[in-house]
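One structure is given below, encoded as structure tokens.
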Amino acid sequence: MTAWHDEFPQEPGLRYLNHAAVAPWPRRASQAVSAFAEQNLRVGARDYPQWLQVEQRLRARLTRLLNAPSTADVALVKNTSEALSFVAFGLDWRAGDQVVISDQEFPSNRVVWEALCPQGVEVIEVNLAGDDPEAALLAACTPRTRLLAISAVQYASGLRLDLVRLGAGCMQRGVLLCVDAIQQLGAQPFDVQASQCAFAMADGHKWMLGPEGLGVFYCRRDLREQLRLHEYGWHMLEDAGNYDRRDWQPAKTARRFECGSPNMLGAMALEASLALLEEVGLPQVETLIEQRIAQLHTGIAALPGARLLSPQESARRAGILTFSLAGRDNGQLFESLKQQQVICAQRGGGIRLSPHFYTPEGVIEETLGLLRQLA
């Protein structure tokens with residue numbers, strides 16, 4: 001296997017700690033896209049059947065990553081927001097129905113539900129600041145609650161939720177569980193069957209180390225035909241290759257959510273990136289990320305005036321650590337770090353750092369050294 005540092009030949013001095021936003025590609029993804037571009041230049045789509053084999057491998061890798069029962073349960077989508085919209089505007093809502101969300105959601109997992117208000121759907125926001133966020137979310141569910149929409153990991157704080165517990169609670173209450181998995185998928189093991197979720201979705205450009213513009217949508221088999229379709233085209237038909245057929249029906253698989261031509265360029269890159277994650281293994285990826293977060297946690301906690309805004313319990317941690325420094329403006333601190341090539345983000349009232357499994361420990365030590373100077 002190619003050494004990890006060979007897969008990520010980043011510029012000297014670059015301290016990339018922003019995988020919760022947009023991740024760098026591994027070398028193999030770049031090479032896959034370059035080869036695909038060269039093939040298009042020289043022979044066009046002559047070898048399209050081979051491209052479809054890559055897409056099939058991508059579906060299989062995503063199915064394993066989600067632990068979905070079958071590739072038939074997985075659709076390739078443009079992004080998380082599109083998949084959330086498939087759910088929000090596919091369900092048959094009734095006036096008075098409720099959707100429960102948290103008060104920490106990224107706009108994509110809030111706006112899409114608020115857009116249902118003209119249909120008489122009520123959105124209930126739950127504060128996650130207590131000691132038992134799962135209990136708070138489930139306690140907010142009433143007999144009128146149709147769906148609980150939650151991020152597996154909160155984008156600003158890095159709070160990781162117990163999806164198995166939420167799934168069991170939702171099943172007991174007859175509530176559908178919809179999981180925005182973008183901040184967990186590719187960083188920590190994720191299991192749609194163990195969580196009993198109805199829907200799950202994620203973009204490929206964060207922890208999966210892929211490009212923007214290509215993501216995954218899992219829809220539980222018994223719910224596929226219950227989602228009303230709003231996008232139609234040749235690719236989502238059951239008999240998609242028969243262009244002369246006049247009668248038609250949507251595909252029986254999750255391909256029914258893929259209306260038109262696939263993002264084959266993105267598939268080349270994401271398939272290569274997921275191959276790397278599979279070679280390393282998700283349990284090892286999780287362990288390596290945990291080690292880097294612990295390294296940051298220990299170093300930042302020792303800084304004068306440091307305030308950790310992310311969970312301190314290991315079971316609640318993900319790949320995100322957010323902090324602030326007393327007496328330092330977050331905007332100024334962010335600019336100072338950026339000038340030193342520390343690639344991070346301003347989120348949740350502080351500075352968000354998000355290393356991946358391959359992030360050199362030296363990069364984290366250098367970042368901590370810079371923070372000691374700035375503090």
Using a 6.0 Å cut-off, check whether atom CG of D131 has over 12 heavy atoms from anything other than its own residue.
no
Using ring centroids (six-membered ring only for Trp), state whether Y358 and H19 fall under 6.0 Å.
yes
Under a 4.5 Å cut-off applied to non-hydrogen side-chain atoms, are L333 and F323 in contact?
yes
Would you check, one step at a time, whether the test side chain to side chain contact (heavy atoms under 4.5 Å, CB included) holds for V54 with R57?
CA-CA 5 Å; V54 175; R57 291 201 302 271; 3.5 Å; yes
Quick check: does any side chain N or O of R316 sit under 3.5 Å from a backbone N or O of R160, one acting as donor and the other as acceptor?
yes
Taking E55 first and then R255, would you say they form a salt bridge - that is, a charged N and a carboxylate O separated by under 4.0 Å?
no
Any non-hydrogen side-chain atom of P262 less than 4.5 Å from a side-chain atom of L76?
no
No-hydrogen, no-angle side-chain donor-acceptor test under 3.5 Å, E105 and S102:
yes
If hydrophobic clusters are built by linking Ile, Leu, Val, Met, Phe, Trp and Tyr wherever their side-chain heavy atoms come under 4.5 Å apart, do L137 and Y155 end up in the same one?
no
Is there a donor-acceptor contact under 3.5 Å linking the side chains of Q39 and W51?
yes
Audit row: D247, R245, salt bridge (Lys or Arg N to Asp or Glu O under 4.0 Å) steps and yes/no:
CA-CA 6 Å; D247 63 310; R245 183 171 178 174; 3.2 Å; yes
Going through the checks in order, is the side chain to side chain contact (heavy atoms under 4.5 Å, CB included) test met by L337 and C344?
CA-CA 8 Å; L337 289 169; C344 55; 4.1 Å; yes
Donor on one side chain, acceptor on other, W207 and Q183, under 3.5 Å:
yes
Neighbour count >12 (heavy atoms, 6.0 Å) for atom CD, Q193:
yes
Before you tell me yes or no, could you show the steps for E125 and R110 under side chain to side chain contact (heavy atoms under 4.5 Å, CB included), namely the whole-Å CA-CA distance, both residues' side-chain angles and the distance that decides it to 0.1 Å?
CA-CA 9 Å; E125 276 196 18; R110 173 176 52 81; 3.7 Å; yes
Among R224, K252, R59, find the residue that satisfies the salt bridge (charged side-chain N to carboxylate O under 4.0 Å, His left out) test when tested with D73.
R224
What verdict does the salt bridge (Lys or Arg N to Asp or Glu O under 4.0 Å) test give for R317 and E290, after you've listed the backbone C-alpha separation in whole Å, the side-chain angles of each residue and the deciding distance to 0.1 Å?
CA-CA 8 Å; R317 289 184 192 170; E290 286 177 351; over 6 Å; no
For R307, does the CZ atom have more than 12 heavy-atom neighbours from other residues, nucleotides or ligands under 6.0 Å away?
no
Counting only heavy atoms not in R42, do more than 12 sit closer than 6.0 Å to its CZ atom?
no
Do you see a donor-acceptor pair shorter than 3.5 Å between the side chains of E365 and Q295?
yes
Angle class for the F86/F217 ring planes (parallel below 30°, perpendicular above 60°, tilted otherwise)?
tilted
Here the gap from L223 atom CG to L176 atom CG, rounded to the nearest 0.5 Å, amounts to 6.0 Å
